[in-house]
Amino acid sequence: MLQSDKRFSSLYKIAFLCGLIAVNCVNEVKSVEFYAEKPAFLPSCKIYQPGFTKCSTNSVQKLIDQLVIGIPEVVEEFGPFDPMHVHDIYFKQDGNDVARIHANLSDVIVKGFSKTNIKESRVSKRDFNWITKIFLPKMRMDAVYKMEGQILLIPLRGSGKMFIEIDNLDITLYTKTRLYEKAGFTFDNVTAVRVDLNMTRVRTNFENIFNGHSKEVERSTNEFFNENWRDFYEALKPIITETVETILYDVMHKVFNLIPANFFVEDIPTSEQLYGTNKSLTVA
Ligand SMILES: *[C@@H]1O[C@H](CO)[C@@H](O)[C@H](O)[C@H]1NC(C)=O
Ligand SMILES: *[C@@H]1O[C@H](CO)[C@@H](O)[C@H](O)[C@H]1NC(C)=O
Ligand SMILES: *[C@@H]1O[C@H](CO)[C@@H](O)[C@H](O)[C@H]1NC(C)=O
Ligand SMILES: *[C@@H]1O[C@H](CO)[C@@H](O)[C@H](O)[C@H]1NC(C)=O
């Protein structure tokens with residue numbers, strides 16, 4: 001069985017050596033399928049005791065802090081947490097009055113998750129779904145885009161670099177999970193996420209948004225989007241929420257297949273206890 005603490009410290013040593021002698025050491029870090037011992041960074045909580053939500057909020061914050069430092073198995077799959085490289089996004093939205101967009105984004109980089117502040121983490125005792133309130137002072141997405149369509153009645157056809165910068169982003173994250181058993185542990189299978197977003201400001205810039213036809217019109221169009229950022233955000237809301245949902249789903253799906261739910265919630269019922277015929281634990 002794996003000793004997580006020792007493992008983390010030896011990983012730091014490897015990382016340090018790699019930094020010193022500047023070689024690619026990635027292949028020497030053996031990743032595991034799941035953690036059989038509780039990682040030291042993670043405080044665990046008891047859902048059937050008072051103060052669970054406070055404890056859980058702190059626990060999820062500690063998890064985020066560790067993701068920022070780097071959890072090897074997550075880094076191996078997704079690279080660093082912040083800035084994060086996201087796979088290409090293909091986006092198609094038709095039949096909307098404010099926006100009709102076909103957009104492809106590549107070289108997508110999202111910055112800002114290292115400043116994630118977990119405001120509240122609630123777990124339902126009924127189905128072990130979660131509602132998480134998250135605050136990010138700033139989130140910025142840079143990408144290379146290719147777009148056709150129309151936003152706020154302006155017909156667009158262009159390609160080039162773009163960014164979207166969001167200030168004071170409040171995220172309410174709804175996570176659906178299904179418990180399952182593996183090797184004597186209970187795990188959360190994250191099966192769906194949905195986010196609800198609020199912000200105080202969106203700034204954007206699309207280079208070459210009219211395929212170079214007029215720099216002046218390009219500048220004034222971007223200005224128009226920034227002056228009318230609420231309408232602009234409403235128009236682009238599906239693409240922004242979808243991007244945030246994809247990132248959070250991918251990371252959470254990975255993390256919760258890696259770390260048993262028992263290490264977050266010590267007294268979590270087994271999947272049999274929760275879904276099975278034994279109803280005694282399902283009523284909170
Ligand atoms: C996006 O990529 C798809 C698949 O490569 C392509 O069919 C589509 O035309 C592209 N859309 C734009 C707006 O470039
Ligand atoms: C966003 O603001 C609306 C209206 O003020 C509110 O109902 C909603 O709960 C807020 N959502 C988030 C994620 O803060
Ligand atoms: C997790 O859920 C997905 C569907 O959302 C399913 O395909 C997968 O088999 C599940 N994994 C486990 C271990 O239950
Ligand atoms: C039901 O769950 C309770 C609490 O874990 C346990 O004590 C009891 O033995 C279980 N009953 C059955 C029939 O599995």
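All ligand and atom numbering here is 1-based and tracks the order in the structure.
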Can you check whether a protein heavy atom sits less than 4.0 angstrom from atom 12 (C) of ligand 3?
-> yes
Within the side chain of Gln273, is there an N or O that forms a donor-acceptor pair under 3.5 Å with the backbone of Thr270?
-> yes
With atoms numbered from 1 as shown, which atoms in ligand 1 lie under 4.0 angstrom from a non-hydrogen atom of Asn104?
-> 1 (C), 2 (O), 3 (C), 8 (C), 10 (C), 11 (N), 12 (C), 14 (O)
Nearest to atom 5 (O) of ligand 1, what protein heavy atom do you find, and at what distance?
-> Tyr90 CE2, 4.4 Å
So the atoms of ligand 3 within less than 4.0 Å of a heavy atom of Thr191 turn out to be 2 (O), 5 (O)
Can Asn58 and Lys54 be counted as having a side-chain donor-acceptor contact under 3.5 angstrom?
-> no
If we only count heavy atoms from C-beta on, is the Val251 to Leu67 side-chain gap below 4.5 Å?
-> yes
Whether Phe34 and Phe187 hold their rings parallel, tilted or perpendicular, with breakpoints at 30° and 60° = perpendicular
Heavy-atom protein contact below 4.0 Å for atom 2 (O) of ligand 1 = yes
Measure from NZ or CZ of Arg178 to the centre of the six-membered ring of Tyr275, then state whether that distance is under 6.0 Å and the direction lies within 45° of the axis.
-> yes
Protein heavy atom at shortest distance from atom 10 (C) of ligand 3 = Asn189 ND2, 2.4 Å
Are Thr57 and Glu120 close enough that a side-chain donor and a side-chain acceptor fall under 3.5 Å?
-> no
Please indicate, with yes or no, if any protein heavy atom is found under 4.0 Å from atom 7 (O) of ligand 3?
-> no
